[in-house]
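Quick notes on the structure that follows.
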Amino acid sequence: MASLGAVTAREVAMAESQGPTPLSDERLRGEVRAFLHEQADAGEFVPRCDNWMSGFDPAFSARLGDRGWVGMAIPVEYGGQGLSPLDRVVVAEELLAHGAPVAAHWIADRQMAPSLLAHGSDDQKKRYLPGIASGTTYFAIGMSEPDAGSDLAGVRTRAVDTGDGWELTGTKVWTTGAHLAHAMVVLARTDGSPTDRHAGLSQFVVDLPNAGIEIRPIRSIDGSAHFNEVIFHKARLERSALLGTRGDGWKQVMSELAWERSGPERYLSTMPLLRAWADRLRDRGATDGQRRTLGELTARAWTLREMSLNVARELSAGRRPDVAAAMVKDLGSTFEGDLVDEIRQSSSSSARIGSGDPFASMLADAVLHTPAFTLRGGTNEILRSIVGRGLET
Ligand SMILES: Cc1cc2nc3c(=O)[nH]c(=O)nc-3n(C[C@H](O)[C@H](O)[C@H](O)COP(=O)(O)OP(=O)(O)OC[C@H]3O[C@@H](n4cnc5c(N)ncnc54)[C@H](O)[C@@H]3O)c2cc1C
């Protein structure tokens with residue numbers, strides 16, 4: 001086995017002696033790693049970049065649920081483990097770094113569980129949380145619309161109060177996993193007009209499928225269709241579908257976005273590629289330039305991890321670190337793309353989907369996913385304006 005060189009070996013030894021920043025019970029990390037190695041060795045999954053968004057594998061999600069690694073912060077009375085959100089981060093880091101196929105349950109676990117716990121009625125908690133915790137209930141996010149992406153307050157989807165329920169009309173777009181989800185949380189206008197902006201918006205938990213809801217696939221550049229256009233044709237909802245308080249939709253959606261934007265998936269989507277490249281260099285030998293690139297990428301990842309953990313700790317303590325979360329997502333999603341570009345330039349393999357070389361295939365896959373990194377969950381321009389405004393105050 002070729003050496004990576006004195007400098008890198010020393011850095012690796014230093015990093016190992018310091019160990020990862022302890023988050024919670026780090027024994028959990030060892031258990032998750034052992035499970036993932038066993039699953040990958042048994043061919044239960046092939047590590048891929050961005051598999052938290054496109055790796056839909058219900059059986060794998062259910063296996064994680066069986067081990068108590070989904071919905072970990074959900075209270076025991078609703079089927080969860082009653083642990084801290086920081087325990088969830090330990091598991092999330094390992095799943096992401098190993099490129100595990102977790103898309104089926106990811107949105108439900110990451111943001112719908114905290115949202116339901118914060119704003120849901122007791123009936124909604126009983127109805128959805130046990131399925132989320134077992135990794136068998138999937139959710140989609142119904143925020144963006146054709147004319148309301150960055151400018152989310154401009155949503156036009158309207159929910160009319162019919163007395164015994166609600167009637168939903170409008171169009172959502174880029175709705176990840178809506179074709180596979182059991183429910184989606186929809187941001188809609190219940191009162192006033194789009195010019196009222198933040199006032200008059202409400203959230204709804206909408207069960208799928210629904211006879212009044214049409215879900216059309218949107219293909220991405222790799223030909224896959226993991227997101228959709230969702231059209232509400234006067235879709236009928238039960239009265240109990242309202243999530244939280246009528247008119248508080250904007251406030252609720254902002255706290256949901258804090259969970260959406262702050263997780264480790266905002267800098268770890270392409271970590272499987274870095275790991276695969278490091279293994280390749282270790283096996284085949286590395287040039288000085290490749291060692292430097294590997295060291296620089298590793299150092300950036302390490303710094304981002306420390307920043308991301310601080311955001312997780314703040315959120316877990318019940319605070320709203322919006323500015324720090326926006327900064328980590330901006331830097332993190334830029335890093336995810338830079339990692340792909342730099343490895344592509346530095347490695348001697350050409351990226352090719354379906355190539356017999358798993359590294360070349362993983363690289364090609366990562367290249368095709370890169371354009372989405374700085375768009376989803378809020379674009380980098382919008383995140384930078386949040387940071388800019390936050391630094392002014
Ligand atoms: C892979 C993927 C998955 C997604 N999944 C979901 C999902 O599940 N649910 C959901 O609701 N949405 C989802 N989205 C949508 C995502 O949230 C939006 O794409 C994003 O918020 C940007 O909105 P937009 O596409 O309408 O672009 P626009 O808002 O039209 O922006 C276009 C460009 O203009 C820039 N811009 C806009 N306003 C400003 C400004 N004020 N200052 C500076 N620059 C500005 C933007 O930064 C961007 O570069 C997903 C997107 C992607 C790529």
Side-chain angles (χ1 to χ4, degrees), residues 48-56 102-112 115 138-157 168 170-189 194 197 201 203-206 208 213 215-232 243 249-250 252-254 256-263 265-266 269-270 325-326 329-330 333-334 336-337 365-389:
R48 281 184 65 190
C49 290
D50 216 21
N51 236 7
W52 66 268
M53 173 140 258
S54 49
F56 190 91
V102 291
H105 71 271
W106 197 260
I107 289 171
D109 181 31
R110 174 185 69 190
Q111 69 195 84
M112 294 317 173
S115 223
Y138 321 136
F139 268 76
I141 307 166
M143 294 187 199
S144 308
E145 298 186 0
D147 294 315
S150 301
D151 185 22
L152 187 59
V155 298
R156 288 168 188 277
T157 293
L168 204 54
T171 302
K172 294 288 172 184
V173 77
W174 315 124
T175 322
T176 303
H179 56 308
L180 302 163
H182 301 98
M184 70 188 273
V185 172
V186 173
L187 180 68
R189 183 158 290 286
R197 311 282 300 162
L201 294 173
Q203 281 188 300
F204 294 88
V205 187
V206 178
L208 297 171
I213 301 179
I215 300 176
R216 296 182 185 158
I218 302 175
R219 296 217 169 269
S220 38
I221 47 176
D222 64 357
S224 65
H226 53 79
F227 50 28
N228 303 274
E229 183 180 34
V230 179
I231 305 157
F232 307 105
L243 175 64
W250 184 256
Q252 293 176 197
V253 103
M254 286 298 112
E256 191 188 312
L257 272 174
W259 291 104
E260 181 177 345
R261 288 177 173 163
S262 63
E265 65 269 47
R266 301 307 180 177
S269 302
T270 52
K329 183 177 179 296
D330 173 29
S333 58
T334 302
E336 292 177 326
D365 194 35
V367 168
L368 294 176
H369 280 243
T370 295
F373 298 157
T374 56
L375 294 174
R376 59 191 182 193
T379 69
N380 283 23
E381 289 76 18
I382 295 304
L383 297 169
R384 284 172 201 169
S385 48
I386 294 173
V387 173
R389 275 199 305 273

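In what follows, every heavy atom counts, from backbone to side chain, and hydrogens, waters and symmetry copies are set aside. One-based numbering, in listed order, for ligands and for the atoms of each.
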Practice task
Using protein heavy atoms only, decide if any is under 4.0 Å from atom 12 (N) of ligand 1.
Solution key: yes
Exercise for the section: Could you tell me whether atom 34 (O) of ligand 1 has at least one protein heavy atom nearer than 4.0 Å? Expected result: no
Fill in the blank from the handout: Filtering T379, I382, L383, T176 for the heavy atom nearest atom 5 (N) of ligand 1 leaves T176
Exercise for the section: Using distance alone, determine whether D151 and ligand 1 share an N or O pair under 3.5 Å. Expected result: no
Exercise for the section: State which residue, out of V155, I213, I215, fulfils the side-chain contact (heavy atoms from CB on, under 4.5 Å) condition with K172. Expected result: V155
Practice task
Of the side chain and backbone of M53, name the one, both, or neither that has a heavy atom under 4.0 Å from an atom of ligand 1.
Solution key: side chain
Handout entry: Heavy-atom nearest neighbour of atom 24 (P) of ligand 1 within options G149, G177, G154, P371
Key = G149
Problem - Proximity winner for atom 2 (C) of ligand 1, if only heavy atoms of F139, F227, W174 are counted - result: F227
Problem - ligand 1 to T175 polar contact by distance, N or O atoms, under 3.5 Å - result: no
Practice task
For atom 20 (C) of ligand 1, decide whether some protein heavy-atom distance is shorter than 4.0 Å.
Solution key: yes
Exercise for the section: Considering only NZ, NE, NH1 and NH2 on the basic side and carboxylate oxygens on the acidic side, decide whether R197 and D151 come within less than 4.0 Å. Expected result: yes
Handout entry: atom 37 (C) of ligand 1 protein-contacted, heavy-atom criterion under 4.0 angstrom
Key = yes
